[in-house]
Number of protein chains: 2
Amino acid sequence: MGQPELSGPGFPNSPRRRRAPKGEGHRLRGEIIAAASDLLADLGDPNQLSMRAVAAAAGVTTPSIYRNFAAKQALLVAVLETRWAELVRVIVEAASEVDDPFESLRRMGHAYLRFAEEHPGHYQVLFRTAAPAGITEGSAQHPAAPGFVVLVESIQRCLDAGVRPPAGRDSTFLAVQVWLFLHGLIDLRIVQQFPFPWPPSETLLDAALADLGLGTRREGQERDQ
Amino acid sequence: MGQPELSGPGFPNSPRRRRAPKGEGHRLRGEIIAAASDLLADLGDPNQLSMRAVAAAAGVTTPSIYRNFAAKQALLVAVLETRWAELVRVIVEAASEVDDPFESLRRMGHAYLRFAEEHPGHYQVLFRTAAPAGITEGSAQHPAAPGFVVLVESIQRCLDAGVRPPAGRDSTFLAVQVWLFLHGLIDLRIVQQFPFPWPPSETLLDAALADLGLGTRREGQERDQ
DNA sequence: TGTACATCAGTGAACGCGCGTTCACTGATGTAC
DNA sequence: TGTACATCAGTGAACGCGCGTTCACTGATGTAC
């Protein structure tokens with residue numbers, strides 16, 4: 001019982017999409033980005049994303065996409081920008097939840113983990129797609145830059161609180177260490193789903209922070225010089 | 001001047017491949033694996049590898065591949081097996097170069113880094129391709145297993161030498177930490193070529209080992225209990 | 001030593017498919033009179 | 001208020017391409033006699 005759902009463009013009796021008022025054709029643009037983003041969340045690979053699938057998900061025929069995006073690459077760039085903004089927003093929010101710099105850093109890391117767990121396809125796409133056109137070697141203009149800056153600042157606040165890091169490490173070096181560890185964990189465990197009896201992600205992250213002297217210690221503090 | 005090189009199957013005047021003696025058709029099998037492996041070293045993505053390209057690189061027409069491999073997937077599995085074996089071989093060799101457990105561990109890590117730097121496409125493929133058929137959740141049968149075991153043993157030797165690791169960590173946990181860090185570094189820096197002013201890889205690795213109490217220290221040792 | 005024949009490694013052509021993209025078209029929306 | 005017309009968001013059909021795979025075939029290798 002229940003007809004298979006044959007509707008949308010391309011199917012018999014498909015109702016034509018109600019066309020947008022003049023000058024507001026760009027409304028569809030947002031819907032296309034959202035549709036492509038949703039599909040990428042599952043696929044995790046831009047090569048697997050077809051313009052036909054995006055069109056179908058947006059409830060539109062394929063050529064309609066080309067009114068809003070010159071080519072597939074342009075659509076991908078637009079999706080990437082929204083996903084980067086989302087990731088940065090999530091970790092900045094998490095970091096500003098509390099005042100204690102160590103707890104703040106910890107929450108950032110956990111938020112980063114959670115983003116990857118909840119949207120593995122997006123995490124993959126963020127790092128696996130060539131940087132948007134116009135962004136070259138310098139890291140300053142990369143959409144990841146604001147997020148990394150927040151991490152460095154968060155660690156600097158811990159250092160300012162009196163932590164003595166291992167010899168010769170500044171906040172940038174420590175940020176790189178934290179980021180690499182988190183990325184390795186996410187990529188192997190969540191993205192590649194490498195079969196392995198992994199310890200809990202939170203345990204691993206907290207251990208890594210503790211090893212760098214950035215853990216949230218409740219006793220035996222050596223934070224004061 | 002100089003004719004464009006039009007030779008090989010499919011081109012005019014192409015010399016037919018000299019056929020192998022009877023019963024030795026499997027000789028071609030090895031050449032196909034080698035050709036596919038070479039191509040993957042550059043591509044880093046099995047989806048980008050075409051059977052036509054493999055055939056051309058092996059100096060043979062496409063259908064010839066199907067005498068040796070039932071399908072593309074079977075060829076990929078065969079390539080993966082050779083690449084995993086190579087990676088394990090390289091790190092085992094590096095670890096056995098010296099007796100000192102700390103220096104041995106350090107050399108393993110550097111060998112792992114070097115493999116990824118020299119064959120980024122292969123490193124990518126090892127972790128990005130679904131495990132060969134028949135290998136499921138248990139990690140024991142995964143081709144990476146022997147390599148990981150060597151890492152755990154190497155770290156255990158350091159612990160046996162008297163190192164006190166951070167509270168409650170055993171050699172397996174420490175091995176996971178080292179591996180995740182290395183993988184994160186390799187994936188972001190070498191595979192994804194993420195634009196960033198990276199510190200030298202060796203510096204990062206040595207710092208990570210030192211943080212875990214596994215560094216090669218020349219003075220101020222606290223290894224003895 | 002010579003000839004007829006079976007084997008099977010490798011070939012050339014073609015299959016059906018999904019892809020990104022293009023094109024001429026349709027018809028609701030909005031405006032001019 | 002009513003009608004003719006311009007605009008342009010969205011459509012349906014098709015393009016050329018590269019892909020994995022299949023098929024009937026070719027012809028050198030090796031063997032039987």
Side-chain angles (χ1 to χ4, degrees), chain A residues 6-33 35-36 39-40 43 45-79 129-130, chain B residues 6-33 35-36 39-40 43 45-79 129-130:
Chain A
L6 292 179
S7 65
F11 287 106
N13 304 326
S14 63
R16 223 183 150 88
R17 177 190 168 90
R18 180 181 213 127
R19 57 165 284 176
K22 293 203 179 179
E24 301 196 19
H26 282 284
R27 233 181 240 175
L28 178 55
R29 184 186 160 89
E31 294 175 37
I32 291 170
I33 292 176
L39 291 170
L40 276 176
L43 296 172
D45 176 4
N47 288 327
Q48 305 276 27
L49 182 76
S50 83
M51 296 299 262
R52 282 167 170 81
V54 172
V60 115
T61 58
T62 317
S64 289
I65 300 180
Y66 288 86
R67 258 181 209 293
N68 294 278
F69 300 94
K72 186 182 179 182
Q73 181 59 25
L75 170 57
L76 289 174
V77 168
V79 173
T129 306
Chain B
L6 293 180
S7 66
F11 287 106
N13 304 325
S14 65
R16 222 183 152 87
R17 176 188 168 90
R18 180 176 211 135
R19 56 166 283 174
K22 292 203 180 181
E24 301 196 20
H26 282 284
R27 232 181 244 176
L28 178 56
R29 184 186 159 89
E31 294 175 36
I32 290 170
I33 292 177
L39 290 170
L40 276 177
L43 295 172
D45 176 4
N47 287 325
Q48 305 276 25
L49 182 76
S50 83
M51 297 298 263
R52 283 166 170 84
V54 173
V60 114
T61 58
T62 318
S64 289
I65 299 180
Y66 288 86
R67 260 183 207 292
N68 294 279
F69 301 94
K72 185 183 179 182
Q73 181 58 25
L75 169 57
L76 288 174
V77 168
V79 173
T129 306

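Values in this document were obtained by computation on a predicted structure and should not be read as measured data. Residue numbering restarts at 1 for every chain, and letters A, B, ... go by the order of the sequence lines.
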Beyond-backbone contact of B:Ser64 with B:Thr61, side-chain heavy atoms, under 4.5 angstrom: yes
How many whole angstroms separate atom CD of A:Gln73 from atom P of C:dT21? 10 Å
NA contact type, A:Leu49, heavy-atom cut-off 4.0 Å: base, sugar-phosphate, or nothing? sugar-phosphate
Residue whose nearest DNA chain C nucleotide is more 5′ - A:Asn47 or B:Arg67: B:Arg67
Residue pair A:Ala70/A:Ala53 against DNA chain C: nearer the 5' end by closest nucleotide is A:Ala53
Rounded to the nearest Å, what distance is computed from the CG atom of residue B:Leu39 to the C1' atom of nucleotide D:dC19? 15 Å
Less than 4.5 Å apart, side chain to side chain, heavy atoms only: is that true for A:Ile32 and A:Arg29? no
Residue pair B:Asn68 / B:Ile33, side-chain heavy-atom distance below 4.5 Å: no
Is there side-chain contact between A:Leu75 and A:Met51, with at least one heavy-atom pair below 4.5 Å? yes
Quick one: is D:dT11 close enough that its OP1 or OP2 comes under 4.0 Å of any side-chain N or O from A:Thr61? yes
Can you check whether B:Ser50 has a side-chain N or O nearer than 4.0 Å to OP1 or OP2 of D:dC19? yes
Pairwise side-chain contact, A:Phe69 with A:Val77, heavy-atom cut-off 4.5 Å (strictly under): no
Is any side-chain heavy atom of A:Asn47 less than 4.5 Å from a side-chain heavy atom of B:Asn47? no
Shortest side-chain distance from A:Pro63, nucleotide among D:dA13, D:dT21, C:dT11: D:dA13
Just how far, in rounded Å, is C1' of C:dA9 from CD of B:Glu31? 12 Å
Under 3.5 Å on both distances, the Watson-Crick or G-U partner of D:dT7: C:dA28
Expressed in angstrom and rounded to an integer, what is the separation of A:Arg27 atom CZ from C:dT29 atom C1'? 13 Å
Atom-pair distance (CG on B:Asn68; C1' on C:dC8), nearest Å: 12 Å
Among D:dT21, C:dG10, C:dG20, which is the nearest nucleotide to the side chain of B:Lys72? D:dT21
Of all the choices, D:dT21, C:dT21, D:dG10, which nucleotide is nearest to the side chain of A:Tyr66 once you look at every atom? C:dT21
In the strands shown, is C:dG2 matched to any nucleotide by a Watson-Crick or G-U wobble pair with both distances under 3.5 Å, and which? D:dC33
With both distances under 3.5 Å as the test, what is the Watson-Crick or G-U wobble partner of D:dG16? C:dC19
Shortest side-chain distance from A:Arg52, nucleotide among D:dT22, C:dT21, C:dT11: C:dT21
Side-chain N or O of B:Ser64 versus OP1/OP2 of C:dT11: is the shortest distance under 4.0 Å? yes
How many Å lie between CE on A:Met51 and P on D:dC17, as a whole number? 20 Å
Specify the separation, in whole Å, of atom CD1 of A:Ile65 and atom P of D:dA9. 16 Å
From CG of B:Leu76 across to P of D:dG20 the rounded distance in Å is 10 Å
